[in-house]
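Worksheet for the structure shown next.
Chain naming here is simple, since letters A, B, ... match the order of the sequence lines and numbering starts at 1 in each.
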Amino acid sequence: MQAHSPTTEPRADRASAKPRDFIREIIERDIAEGTYGGQVVTRFPPEPNGYLHIGHAKSICLNFGVAEEYNGRCHLRFDDTNPTTEDIEYVESIKEAIRWLGFDWGEHLYFASDYFEQLYQFAEQLIKDGKAYVDSLSEEEIRAYRGTVTEPGRESPYRNRSVEENLDLFRRMRAGEFPDGAHVLRAKIDMSSPNMLLRDPILYRIRHAHHYRTGDRWCIYPMYDFAHPLSDAIEHITHSLCTLEFENNRAIYDWLTENLIDPPRPRQYEFARLNLDYTVMSKRKLLRLVEEGHVSGWDDPRLPTLAGLRRRGVTPEAIRTFCDIIGVAKVNSRVEYELLEHTIRDDLNYRSPRVMCVLRPLKVIITNYPEDRVEWLDAPYWPRDIPKEGSRKVPFARELFIEQDDFMEDPPPGYHRLAPGREVRLRHSYVIRCDEVIKDEAGEVVALHCTYDPETLGARPRGRKVKGTIHWVSAAHALPAEVRLYERLFIKANPDEVEEGKTFLDYLNPDSLQILRDARVEPSVADDPPDTRYQFERQGYFIQDCVDSRPEALVFNRIVALRDSWSKQAAATEAGRGRPEPEPGSREGTASEARARARAASPELAAAYDRYLAMGLSELDADIISGDPERVAFFDEAVRDLEDSKLLANWLNNVLLGEIQDASLLSLPFSPSSFGRLVALVAGGTISSVSAKQVLAEMLQKGGDPEAIVEERGLRLIGDEEALATTIADVLARHPDKVAAYRAGKTGLIGFFVGQVMRATQGKADPRLVRTLLEKRLAS
RNA sequence: UGGGGGAUAGUUUAAUCGGCAGAACGGGUGACUCUGGAUCACUUAGUCGGGGUUCGAAUCCCUGUCCCCCAGCCA
């Protein structure tokens with residue numbers, strides 16, 4: 001078979017649509033601002049203590065993908081700081097998996113263990129700066145001293161050792177003078193920090209263990225939180241992308257880089273890890289499945305490991321497409337298995353030649369076909385809709401096998417395969433009719449006697465329609481094969497979510513592997529390369545198992561089944577999803593509580609609240625302003641030369657507070673009275689509220705006087721019909737389709753039109769007037 | 001009950017710093033078919049709840065609810 005090659009290019013039509021995400025937004029902003037001189041350097045930092053899975057593929061695609069898109073580079077760095085769990089076996093498998101996925105780190109292969117000396121020097125630097133100390137508390141004591149999430153920790157009695165003593169102790173730790181656990185090096189940050197990770201995090205621990213790369217050179221090893229940011233800095237990483245559970249660690253990351261590294265510093269950003277329905281993704285759980293023998297190994301085709309997916313026959317392209325489609329965001333999510341299946345099918349549909357294989361054979365005897373005759377029929381490898389050439393010969397003879405499922409003695413309505421007295425098309429061959437059903441003593445159907453219509457080879461049967469087409473093989477020529485069908489490994493969409501007294505193992509699917517030992521495949525496959533991916537027509541996509549299949553004993557894995565809209569009837573899936581209904585509860589919000597407390601503690605604020613109510617402000621506005629002395633001061637000064645205090649409160653609370661976020665009202669580049677005068681311009685109808693926001697933006701930037709900015713930029717309100725008429729006519733003329741849609745009933749478009757007019761006038765138009773004019777024009 | 005994150009169709013994800021809520025997968029219907037596949041067409045369905053600001057809110061303000069992460073000398 002030369003007509004098709006097993007590695008065909010994937011479909012090209014989706015190469016263009018790259019999903020945007022917040023990571024790429026940040027990177028583009030940094031490029032635009034020149035933060036790193038336009039450089040983009042990312043890294044993929046696995047620990048060599050396990051196999052990579054499809055969740056890692058998401059991270060790999062992100063890190064390598066982003067680097068490629070912005071002409072940067074991506075480093076492969078093994079985060080090997082824990083000698084007790086790591087092994088060279090894992091680094092090889094990880095490298096192979098990344099290469100298989102199609103990514104290349106070039107010369108940028110690094111190991112955190114290569115940085116041990118530099119990291120050690122950083123640690124000494126911290127000690128010399130008085131920012132780290134050797135602690136001699138026991139492990140249990142350290143835990144006890146750390147406090148809890150609600151109670152602050154206590155400082156270790158060793159916290160204030162002198163720099164000299166710390167240095168001496170740390171050097172002797174390195175020299176191997178102390179047993180495991182005798183001392184640790186800790187950062188001196190804050191034992192009462194609300195962020196647990198900042199309560200003097202441990203930087204180094206003593207571990208007299210053999211490291212797979214550094215051997216016995218070291219007996220102290222850096223912790224992740226210390227090694228990771230500094231390794232990033234050493235490699236001049238710009239964007240350090242990791243998963244959401246490291247959000248709290250970013251504080252240490254920043255603390256260390258700010259104390260030890262000159263700018264520009266690497267920055268850490270977090271995205272959501274991938275969760276896939278009906279499988280588990282944690283290293284610990286995968287390890288357990290392997291070690292306890294629930295699966296055959298790390299490359300068991302039911303596992304989400306890249307080794308497993310690869311053995312199953314999934315292509316790297318399908319996985320990359322999948323990673324593209326799922327996107328990158330900050331919400332914890334769980335992707336449906338159907339999406340992965342879709343990308344696999346979509347990829348395989350285009351690249352897999354079609355052949356026939358009968359999984360569960362049922363003997364068919366063509367009674368009107370001569371016993372010694374064999375016809376070698378031409379059968380194209382590709383269906384009509386795939387623009388590829390090539391075919392093979394399939395033998396047709398008196399005795400055939402068809403799929404047991406393709407015959408029913410008493411078929412339900414809508415079934416259009418074989419049944420007593422009915423006809424069916426044999427794929428690439430003749431139409432046959434079932435004349436007789438042969439059964440054994442137990443009443444099981446063991447064979448069918450059929451007759452074929454010699455007129456129907458490559459031709460429509462005359463005078464009747466045959467709806468069904470089924471696959472088949474010649475009994476004498478077909479090759480015996482074992483076929484392994486895989487289903488989801490778990491019966492529960494989220495196996496991590498366990499009921500009382502159960503573990504994730506209680507949700508294993510007992511039918512996740514089904515072995516069919518009596519399958520028959522057409523003889524042509526014997527000539528193909530063993531890594532050929534096929535579509536077994538009407539069944540699914542298959543590949544020979546690279547471990548167990550041999551030419552004389554074929555074993556096929558089902559990569560994925562075809563979509564099956566016939567047997568979808570019983571697709572009532574057990575769910576286990578859904579967002580719980582939010583229930584109204586009764587608890588005091590902390591922010592509003594804080595404001596109430598502030599008033600209770602301050603007669604001035606309490607008085608302000610009453611004063612505002614008397615002024616006519618709503619309770620809400622009065623509450624917000626009077627909860628904070630700065631706001632009161634700001635408001636009181638701004639309101640002095642203004643009649644409309646309610647409008648001022650609106651602008652202060654709903655606009656200004658939103659713009660400045662956490663900044664102080666009193667350190668703004670403009671005075672409260674400037675703000676008051678700005679609001680007065682709105683109140684007096686001198687400018688539109690849209691313009692006012694522009695003015696405010698400028699004032700926030702560089703201060704200034706609102707009236708002057710209005711005059712300078714010519715922002716006076718356009719409030720007469722004449723002046724707006726041409727702009728409106730122009731906008732309507734430019735969007736005839738929208739006008740038609742509006743008139744056809746899509747009135748939501750009014751916002752679009754108002755927006756267009758506002759944009760055309762740079763926000764100067766009176767929006768209310770615009771709206772009424774527009775509505776009048778559009779009505780006619 | 002501290003701190004840090006998050007909430008848009010069933011699922012995943014968009015929406016040019018307030019201006020048409022859009023896509024993919026899934027579901028449904030139909031067309032086509034020598035694969036009950038593929039393809040095509042149509043369709044279904046959403047801004048966590050409650051207030052407020054605005055001509056206009058997924059986006060801004062207030063408030064409530066729910067989910068995730070952190071008390072390893074793992075990463």
Side-chain angles (χ1 to χ4, degrees), chain A residues 19-21 45 47 49 79 81-82 85 139 142-143 146-153 180-181 184 193-197 199 202 204-207 223-224 228 244-249 251 270 277 325-327 329-336 338-339 342 345 349 354 383-386 416-417 425-429 458 466 468-471 535 537-538 562-567 575 577-587 589 591-592 618 620-621 623-624 650-651 653-655 657-659 689 738 741 746 748-756 758-759 766-772:
Chain A
R20 275 245 85 56
D21 53 69
E47 184 190 11
N49 71 344
D79 227 332
T81 56
N82 183 358
T85 58
E139 195 168 340
I142 286 180
R143 205 191 335 276
R146 187 147 35 220
T148 69
V149 290
T150 51
E151 303 154 35
D180 286 6
V184 289
S193 170
N195 180 351
M196 297 293 294
L197 292 173
R199 323 251 255 231
I202 292 170
Y204 268 89
R205 75 282 212 193
I206 298 172
R207 188 121 318 162
M223 300 285 290
Y224 165 86
H228 198 87
L244 249 29
E245 65 268 28
F246 291 98
E247 274 173 329
N248 297 316
N249 302 60
E270 309 86 14
D277 274 358
I325 290 178
I326 57 176
K330 293 197 70 146
V331 264
N332 291 303
S333 57
R334 173 162 288 276
V335 176
E336 287 178 338
E338 285 83 348
L339 185 60
H342 170 259
R345 288 192 192 108
N349 175 40
R354 316 291 138 125
R384 246 177 0 282
D385 52 339
I386 291 181
H416 42 250
R417 283 113 91 171
R425 158 79 66 183
L426 295 180
R427 179 73 163 154
H428 304 304
S429 176
V466 175
T469 299
I470 64 174
H471 59 280
Q535 184 192 107
E537 293 215 39
R538 307 206 308 129
L562 251 29
R563 274 185 82 209
D564 183 0
S565 50
W566 166 248
S567 68
R577 305 179 148 275
R579 203 184 301 273
E581 285 294 315
E583 267 186 34
S586 56
R587 225 190 306 160
S592 72
S618 68
L620 180 61
D621 284 337
D623 174 23
I624 294 172
N650 279 346
W651 275 76
N653 288 343
N654 293 316
V655 182
L657 255 27
E659 291 298 324
S689 59
K738 302 275 204 259
K746 197 173 175 185
L749 249 19
I750 191 70
F752 168 78
F753 290 119
V754 175
Q756 289 298 310
M758 294 304 290
R759 185 155 309 173
D766 176 358
R768 217 174 312 221
L769 179 61
V770 170
R771 194 186 183 100
T772 40

Sugar-phosphate, base or nothing in reach of [X], heavy atoms under 4.0 Å:
X: A/T81; result: sugar-phosphate
X: A/G458; result: base
X: A/N653; result: sugar-phosphate
X: A/Y204; result: nothing
X: A/H428; result: base
X: A/S333; result: sugar-phosphate
X: A/V655; result: nothing
X: A/R427; result: base
X: A/E245; result: sugar-phosphate
X: A/L749; result: base
X: A/R417; result: base
X: A/M758; result: base
X: A/E139; result: base
X: A/H228; result: nothing

Length of the [atom1]-[atom2] vector between [X] and [N], whole Å:
X: A/H416; N: B/U35; atom1: NE2; atom2: P; value: 10 Å
X: A/K746; N: B/G56; atom1: NZ; atom2: P; value: 20 Å
X: A/N650; N: B/C62; atom1: CG; atom2: C1'; value: 12 Å
X: A/F753; N: B/C55; atom1: CZ; atom2: P; value: 21 Å
X: A/L657; N: B/C62; atom1: CG; atom2: P; value: 7 Å
X: A/F752; N: B/G22; atom1: CZ; atom2: P; value: 13 Å
X: A/R768; N: B/C55; atom1: CZ; atom2: P; value: 4 Å
X: A/L197; N: B/C69; atom1: CG; atom2: P; value: 14 Å

Review point. So A/L426 and A/I470, side-chain contact (heavy atoms from CB on, under 4.5 Å) or not? Walk me through it.
Key: CA-CA 5 Å; A/L426 295 180; A/I470 64 174; 3.8 Å; yes
Using the [atom1] atom as the point on both nucleotides, what is the distance between [M] and [N], in whole Å?
N: B/G50; M: B/U13; atom1: P; value: 24 Å
N: B/U47; M: B/U59; atom1: C1'; value: 10 Å
N: B/A71; M: B/A15; atom1: P; value: 34 Å
N: B/C60; M: B/C42; atom1: C1'; value: 39 Å
N: B/A41; M: B/G5; atom1: P; value: 44 Å
N: B/A58; M: B/G49; atom1: C1'; value: 15 Å
N: B/C69; M: B/U63; atom1: P; value: 27 Å
N: B/C61; M: B/C73; atom1: C1'; value: 47 Å

Check your understanding: Hey, which of these two, A/E247 or A/G658, hits RNA chain B nearer its 5' end, going by closest nucleotide?
Key ->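 It is A/E247, whose closest nucleotide lies nearer the 5' terminus.
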Check your understanding: Between A/I624 and A/T148, which is nearer to the 5' end of RNA chain B once each is assigned its nearest nucleotide?
Key ->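 Counting from the 5' end, the first nearest nucleotide belongs to A/I624.
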Measure distances between side-chain N and O atoms of [X] and base N and O atoms of [N], and say whether any donor-acceptor pair falls under 3.5 Å.
X: A/Q535; N: B/U35; answer: yes
X: A/R143; N: B/G72; answer: no
X: A/E151; N: B/G2; answer: no
X: A/N654; N: B/G52; answer: yes
X: A/N248; N: B/G5; answer: no

Which heavy atom of [X] sits nearest a heavy atom of [Y], and at what distance?
X: A/N49; Y: A/T85; result: CB-O, 3.4 Å
X: A/L562; Y: A/R345; result: C-NE, 3.8 Å
X: A/H428; Y: A/E537; result: NE2-OE2, 3.5 Å
X: A/N82; Y: A/E47; result: CB-OE2, 3.9 Å
X: A/K738; Y: A/L749; result: O-CD2, 3.6 Å
X: A/N249; Y: A/Y224; result: ND2-CE2, 4.3 Å

Taking pairing as Watson-Crick or G-U wobble with both contacts under 3.5 Å, can you name the mate of [N], or confirm there isn't one?
N: B/U39; result: B/A31
N: B/A7; result: B/U65
N: B/G56; result: none
N: B/A21; result: none

Selected nucleotide, minimal atom distance to [X] side chain, candidates [options]:
X: A/R759; options: B/A14, B/U16, B/A75; result: B/U16
X: A/R425; options: B/A7, B/C25, B/C34; result: B/C34
X: A/T469; options: B/U16, B/C70, B/C34; result: B/C34
X: A/L562; options: B/G37, B/G36, B/G3; result: B/G37
X: A/I142; options: B/U35, B/G26, B/C73; result: B/C73
X: A/R205; options: B/C55, B/A75, B/G6; result: B/A75
X: A/E47; options: B/G36, B/A38, B/A75; result: B/A75

Practice item. Evaluate the criterion side-chain contact (heavy atoms from CB on, under 4.5 Å) for residue pair A/F752 and A/K746; output intermediate values, then yes/no. Key: CA-CA 11 Å; A/F752 168 78; A/K746 197 173 175 185; over 6 Å; no
Review point. Since syn is defined as within 90° of 0, does B/G72 count as syn or as anti?
Key: syn
Practice item. Report yes or no: does A/N195 contribute a side-chain atom to a donor-acceptor pair with the main-chain N or O of A/N248 at less than 3.5 Å? Key: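 Side chain of A/N195 to backbone of A/N248, a donor-acceptor pair under 3.5 Å: yes, one is there.
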Review point. Any donor and acceptor pair, going by atom type alone, linking the side chain of A/R199 with main-chain N or O of A/S193 inside 3.5 Å?
Key: yes
Under 4.0 angstrom between [X] side-chain N/O and [N] OP1 or OP2:
X: A/R345; N: B/G37; value: no
X: A/H471; N: B/U35; value: no
X: A/R146; N: B/G72; value: yes

